Asks: 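Below you'll find the structure I mean.
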Amino acid sequence: MMLAPNSKTKTSERRITFHVDMDSFFASVEIRERPEIKGMPVVVGSDPKGGSGRGVVSTCSYEARKYGIHSAMPISQAYRLCPGAVFLPVNMKLYAGVSAGVMELLRSFSEKFQQVSVDEAYLIPGPEIRNFEEAALYALRIKDEVQRQQGITCSVGVGPNKLISKIASGFQKPDGLTVVRPEDVRDFLFPLPVSIIPGIGEKTTETLNEMGINRVEELSNCDIQLLSERFGKMGLKMKQLANGLDFEEVVEKEGVKSISRHGTFAEDTNDPVKISGSLDILIESVHGALLKHHFLFKTVTLTVRFEDFSTYTRSKTLSIWTSDIFVIKRTAMKLLSEFTGRRKFRLVGVGVTKFRERDEKQTLITDFP
Ligand SMILES: [Mg+2]
C-alpha cells in the first residue's frame, strides 16, 4: 500500500518544514566540474579584465569569501581583493541542469514541495516524519543524497514554518544543519538582527535602527501602533514574523518545469507486481496533471529509493513531443528494469519534464495537411 501521492493536509495543521539551500551554488558546480580548483578561491561572474572589468560577482566560493569577496560586489573590487582567485564566467546552462537534478531529488523526499529559486526549495516530508528528532535524521539523509548524487553540499534548516526553516538554513553555512523546535523559536530568533527577517531590507533595517530597534526581540515587543504609522500594513506583518509566526503554505507552482509524483511504500518491497502497480498509479496522476496544463513532454524521469535511502534518478529524452500515457508507462518500465531485483524499494517516483504547450494551430496543420 502506498501513501496517496497528494494527500491533503489541514491548513491549520502545523507541519515540520525544511528549507534546503545549496552552498555557493554556481561556484560549487564549477568546482565539481574541475576538481583541480577545489580549495582555491573561486569567483563566478563577469570578466574581471585585469581589474578594469565592469560587471559584478555572481557567486563565490567560501575560500573567496575569506578575502572579503561577496556576491553583487563589483568584479573589479573582487579582483583587487584577490587577483589570484580563479575567475570564471557564468555558465547558466550547466547550473540549470544540475539544479533540475537537485530539485527532482528533493521532490522525491517531499509530500509538499516548493522551488524558490535555482538553488533553494521548501519541502514538507510525508507523515512518516513524526517529530523533530526524525526530521533531523531525515535532513541528514537529504544532505547525503545531494552530495552523493550531485557532488555538491547544501545547508538545511528545519522549523515549524517557512520563516524559521529559511533563517535556520542560513544559520550554519556551508554544509550546515540547523533544527529549531517550536519551543525554541524565540530563543533562536530573538538575539538575531532584524535584517535576518526576509523582506526587511537595507532601508527598512536603517529605519528600524533609527527607531532604536536592532534585534528581533525588540521588534517583537514593539508597539503595533508605532510600526503601523511607520510602515503601514507591513508593520503588522513584521511584528508577526518577529514573533516567529508565519502562515505561508508550501505550495508547488506546478507545471512550470516538471510534473512528478512519488510514493513511499508502507513497507519496503522488492515485489515487482507491487512496484509496477504503484508506478501505474503515479503515472495516471502525472498524466492527469499533464492534460490539465495542456502540456506535451519530451523527457521521462524515474526515481527509485532503496531501503538504505540510497536514491537513483534515471531519465530518457524522447525524439518526439507527446502527452501519451503509454509512452510514459513504456519508458518508465524500461528505466525501472535496471533496478528491479533483490534490493527492497522504499520509494518510487515518476516525472515528466521539458514542456511545450499544445499548440492548437499546429495540430490543425498536422491533421489537414
Ligand atoms: Mg544558495
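Both ligands and their constituent atoms are indexed starting at 1 by order of listing. What you see is a predicted model; the values in this text were computed from it and never measured.
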Asks: Do any of the N, O or S atoms of Asp119 sit under 2.8 Å from the Mg ion (ligand 1)?
Replies: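 So Asp119 counts as coordinating the Mg ion (ligand 1), yes.
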Asks: Taking all non-hydrogen atoms of both residues, which atom of Cys222 and which atom of Ile213 are closest, and how far apart?
Replies: SG-CD1, 3.6 Å
Asks: Closer than 2.8 Å to the Mg ion (ligand 1): does that hold for any N, O or S atom in Ser24?
Replies: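 Short answer: no, not a single N, O or S atom is under the cut-off.
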Asks: Would one find an N, O or S atom of Asp21, in either backbone or side chain, under 2.8 Å from the Mg ion (ligand 1)?
Replies: yes
Asks: Is Arg65 positioned over the aromatic face of Tyr62, cation under 6.0 angstrom from the ring centre and no more than 45 degrees off axis?
Replies: yes
Asks: Does Tyr312 have Arg148 sitting over its ring (NZ/CZ under 6.0 Å from centre, angle to axis within 45°)?
Replies: yes
Asks: Does the gap between the ring centers of Tyr122 and Phe18 come in under 6.0 Å?
Replies: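 Tyr122 vs Phe18: aromatic centres not under 6.0 Å.
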